[in-house]
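Worksheet: the structure to be examined is printed underneath.
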Amino acid sequence: MATDLRRPLILSIAGNGLTHTFADDNSPSQHVLTINDNLSRFPQSLNQDSSSHSRPPNDFTTTTTEDDENPFRVLGSDGFAPPGSSTVDPFRNQTPRIEGVYEWVKMVICVPIALVRLVLFALCLLIGYIATKFALQGWKDKQNPMPRWRCRVMYVTRLCTRAILFSFGYHWIKRKGKPAAREAAPILVANHVSFIDPIFFFYEVSPTIVTSESHDSMPFVGVIIRAMQVIYVNRFSYQSRKQAVNEIKKKASTNQYPRVLLFPEGTTTNGRQLISFQLGAFIPGYPIQPVVIRYPHIHFDQSWGHIALATLMFRMFMQFHNFIEVEYLPVISPSKYHKQSPARFAERTGRAMASALNVVQTYHSFADYALLSKAVEAGHENLSPFMVEMAQVQKLYHLSSSEAVDFLERFLAMNPDSSGCVTYQDFIRVLRLKHSLLSENIFGFVDVGKNGVITFKEFLVGSIHILKLPLFRRACEVAFNESDVDKDGYISLSEFGGSTSPAIHDLSTSEIQALFELFDNDGDGRISKDDFSTCLKRNPLLVAHFNHHFMNKNLDAETGLEEMV
């Protein structure tokens, strides 16, 4: 069925042949903003025509008036509302610095103790490394379970890990409950607070763990991890995650392998909240035993957070004693419904763990941690504005972690202030826009709060909202074809200038050149279809530049889609 995209978006610009439609010829040219906190964040005039809410999704035959400030209505957008955010920071260590007289006095007293502990740690690590190397020597068949005699050699390494825990100040470990038999629960899941967690579990149950590929290259530790018949996963690769799930199924289905241990949060937290679970542990549909770990403390928070590993280890060595509590919860067997819905199985397990910890489970995820890490690299100290509770955003918009990090990089280029907000001038600078009515409308579209600045969450969700619109890819196709005047498959600088001038008039040569270079991804002096598509997918808000190309166009819904993806 043909789709009529005749609704003009760009307001009248002298000399460009576009016209305004005024409701009242005698009224002054002005915008009146009516704010209704319960109904809409956009001008009241956008909602005056009730028929616009009942029109078919692909019917854009209405006309745009002067009051329409939404530059993406032509693509079917009626605006967006970012999901609400909590104020908690599940990754923040509560004691990042040594503070207080007690802590400094304790540091002085513990210096000789720390030296002894350091020697013990190094000695145990060396012995464990040698024992593990011996257990792995000559073992070629990594696709099958480790032979029993090699597993017995690994007992030496397990004893060394208990001594390592002792060297870190964990002289005794409080336990509640017991690990279930492997036949009853082939999979363990636990909250993840510190690097101590996997060391404890290796000593306690010697499981097969699921971990990042990067851990394999760690000195000493990488060898021990390999001996645990580890399942590697690249969290940014769909194929790697899919393969990891298959490996979990394989190793959980036979008693010849150790039980499988996963930290479904995917990263460490401060233990004061649970964050959203990844589904790898729940997709196989096997019974699961949840385990919760607590690190009670007063002066020293042992959670990893955004603290260097060496700093955290040093602080542990300098404590009289570090507390750890481990509680094994009852086994959760999936119902038939849970086997069909791993997300529901994960929710049930998460509720049990959150209840045992007496905390709440938030919509934060590993992707939030990746965003915070990027913000830390950029030198930001106030990290809360860069957390968007990505599990909720990903569920709504099917957004990948790598896409979110890419959008954060562009947002950081806009020089957000200490509160994490970006001004209009910095916004148009990075997007190579010139001050104009169109630029103001694009900024105003993202500025949902209408307070003159935009947050990262507004920028991210606004950009993804446009990117995921059904007509976005078709709009890219039309914009490229209309800009490619000579139909040679490339857009030259002169063609690009002619294509963008109707949107923002009086563009100088340097301004056109700057915007052209943003689209010219490979820097060859011309814009290919791939360059054009890549730029708009990275900067979807820029599609509004080409809305004048969509007027009076009948686009077939079945054609012109695949080439731009």
Side-chain angles (χ1 to χ4, degrees), residues 86 88-93 187-199 201 207-216 218 225 228 230-248 260-284 288 290-293 303-307 309 342-343 345-354 357 359-376 383 386-395 398-405 408:
S86 67
V88 300
D89 182 352
F91 309 107
R92 181 173 173 267
N93 185 287
I187 298 177
L188 297 175
V189 297
N191 60 314
H192 198 5
V193 180
S194 172
F195 69 90
I196 294 296
D197 306 342
I199 298 176
F201 280 113
T208 289
I209 64 173
V210 180
T211 187
S212 171
E213 294 175 339
S214 61
H215 292 163
D216 184 71
M218 295 176 65
I225 286 176
M228 296 173 69
V230 68
I231 300 171
Y232 291 115
V233 61
N234 180 349
R235 286 174 285 200
F236 295 101
S237 168
Y238 169 77
Q239 288 299 327
S240 178
R241 297 196 305 270
K242 183 178 179 181
Q243 184 177 354
V245 170
N246 292 333
E247 283 294 306
I248 294 170
V260 181
L261 168 67
L262 296 98
F263 299 106
E265 293 171 293
T267 187
T268 55
T269 70
N270 59 17
R272 294 170 177 258
Q273 291 87 26
L274 276 181
I275 63 174
S276 298
F277 284 177
Q278 300 180 37
L279 301 182
F282 309 96
I283 293 174
I288 285 175
V291 187
V292 295
I293 302 178
S303 65
W304 202 335
H306 288 284
I307 297 179
L309 177 59
F345 190 15
E347 288 177 8
R348 179 184 172 190
T349 306
R351 285 196 299 269
M353 295 175 66
L357 289 167
V359 300
V360 297
Q361 188 169 22
T362 71
Y363 283 111
H364 297 92
S365 71
F366 168 75
D368 284 283
Y369 184 81
L371 293 175
L372 294 190
S373 298
K374 181 64 66 175
V376 169
L383 302 178
F386 302 103
M387 285 188 297
V388 296
E389 294 191 86
M390 281 295 299
Q392 190 175 22
V393 175
Q394 288 174 313
K395 183 177 180 179
H398 306 289
L399 174 69
S400 70
S401 300
S402 57
E403 285 179 311
V405 171
L408 178 59

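FYI, side chains are in, hydrogens and waters are out, and symmetry mates aren't considered; it's all heavy atoms of this structure.
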Mind checking whether [X] and [Y] have side chains closer than 4.5 Å, heavy atoms only?
| X | Y | answer |
| --- | --- | --- |
| Phe201 | Met228 | no |
| Met387 | Phe91 | yes |
| Trp304 | Leu309 | yes |
| Ile196 | Ile293 | no |
| Leu371 | Val405 | yes |
| Gln239 | Gln243 | no |
| Ile231 | Thr208 | yes |
| Arg92 | Leu383 | no |

Point-to-point distance, once rounded to the nearest 0.5 Å, from [atom1] of [X] to [atom2] of [Y]:
| X | Y | atom1 | atom2 | answer |
| --- | --- | --- | --- | --- |
| Ile307 | Ser194 | CD1 | OG | 10.0 Å |
| Ile248 | Phe282 | CD1 | CZ | 10.0 Å |
| Leu188 | Ile209 | CG | CD1 | 12.5 Å |
| Phe263 | Gln278 | CZ | CD | 13.0 Å |
| Gln392 | Met390 | CD | CE | 11.0 Å |
| Leu279 | Phe345 | CG | CZ | 11.0 Å |

| side-chain hydrogen bond (donor to acceptor under 3.5 Å, both in side chains) involving Thr211 - partner list, sequence neighbours excluded |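 side-chain hydrogen bond (donor to acceptor under 3.5 Å, both in side chains) check on Thr211 returns His215.
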| field | Those residues that, when tested against Thr267, pass side-chain hydrogen bond (donor to acceptor under 3.5 Å, both in side chains) (two or more places apart) | value |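 Not a single residue meets the side-chain hydrogen bond (donor to acceptor under 3.5 Å, both in side chains) criterion with Thr267.
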Nearest non-hydrogen partners of [X] and [Y], listed with the distance:
| X | Y | result |
| --- | --- | --- |
| His364 | Thr362 | ND1-OG1, 2.7 Å |
| Val189 | Ala281 | CG1-CB, 3.7 Å |
| Met353 | Val291 | CE-O, 3.6 Å |
| Ala375 | Leu408 | N-CD2, 4.3 Å |
| Phe277 | Gly350 | CE1-CA, 3.6 Å |
| Ala367 | Ser401 | CB-OG, 3.4 Å |

Taking [Y]'s backbone N and O only, do any of them form a donor-acceptor pair with [X]'s side chain (distance below 3.5 Å, no angle check)?
| X | Y | result |
| --- | --- | --- |
| Asn270 | Asn93 | no |
| Glu265 | Asn191 | no |
| Gln394 | Leu399 | yes |
| Ser212 | Tyr232 | no |

| request: Please indicate whether Arg241 has more than 12 foreign heavy atoms, meaning atoms of other residues, nucleotides or ligands, lying under 6.0 Å from its CZ. | output: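 Check passes, neighbour count above 12.
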| task | Quick one: do Leu274 and Thr269 satisfy side chain to side chain contact (heavy atoms under 4.5 Å, CB included)? Show the steps, please. | result | CA-CA 8 Å; Leu274 276 181; Thr269 70; over 6 Å; no
